[in-house]
Amino acid sequence: MRSKHEGYGIAAEAYQRILGDAKMMKKCMEDYAGDLGTQGSDATNDSASLYSSAMNMAIDAIGMAADMTRVLNDLYYKTTTPIEEWNETLEKAEEDGYEEASENDAEELEEEENDGEE
């Protein structure tokens, strides 16, 4: 995953699947409730449909949890803070032979310039 926006897209897709499962479960519950008042209706089909909807929702919810675990890990471990970025630039600069001047170096340079002017 490259960004938090991509992570949001993954979450939105999973959330939409779960919402679809919830709508199906609601329809199954309405069908089951509607059959309660009728004579001779078989509640087996209604129960099976409700079971299937609940299982689909559970599978999609577990899938979303797994996806979000991956997103969380990618964001947490692959994202650098500004301090880490600054430290990386210092390390790269040191590898390139860059050396930061100390206060003593500045004083020595100033003394050399003053000696050359006299």
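The structure displayed is predicted, hence computed values, not measured ones.
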Exercise for the section: Assess whether side chain to side chain contact (heavy atoms under 4.5 Å, CB included) is satisfied between I10 and M64, documenting all intermediate values. Expected result: CA-CA 8 Å; I10 292 168; M64 182 177 187; over 6 Å; no

Problem - Distance (rounded to the nearest 0.5 Å) between Y77 OH and L72 CG - result: 8.5 Å

Exercise for the section: Count the heavy atoms of every other residue, nucleotide or ligand shown that sit under 6.0 Å from CD1 of I83, and state whether that count exceeds 12. Expected result: no

Handout entry: Side chain proximity check, E6 to V71, heavy atoms < 4.5 angstrom
Key = no

Practice task
Take K23 and K27, measure what side chain to side chain contact (heavy atoms under 4.5 Å, CB included) needs, and give me the verdict at the end.
Solution key: CA-CA 6 Å; K23 286 180 184 178; K27 182 187 177 308; over 6 Å; no

Problem - Check: L19 and Q16 side chains under 4.5 Å, non-hydrogen atoms - result: yes

Handout entry: Inter-residue atom distance N45.CG - L50.CG, 0.5 Å rounding
Key = 12.5 Å

Practice task
Would you check if the side chain of S47 reaches a backbone N or O of A43 as a donor-acceptor pair within less than 3.5 Å?
Solution key: yes

Problem - Candidates M29, M24, E30 - the one meeting side-chain contact (heavy atoms from CB on, under 4.5 Å) with K26 - result: E30

Fill in the blank from the handout: Between N56 and D21, the two heavy atoms sitting closest are O-OD2, 3.2 Å

Problem - Residue M68 excluded, over 12 heavy atoms near CE under 6.0 Å - result: yes

Exercise for the section: Measure the CD-CH2 distance between E91 and W86 for me, rounded to the nearest 0.5 Å. Expected result: 10.5 Å

Handout entry: Approximate separation, where rounding is to 0.5 Å, of I18 CD1 and I59 CD1
Key = 12.0 Å

Practice task
Tell me whether L75 is reachable from Y15 by hopping between hydrophobic residues (I, L, V, M, F, W, Y) whose side-chain heavy atoms are closer than 4.5 Å.
Solution key: yes

Exercise for the section: Rounded to the nearest 0.5 Å, what's the gap from CG on D46 to CG on D35? Could you check? Expected result: 4.0 Å

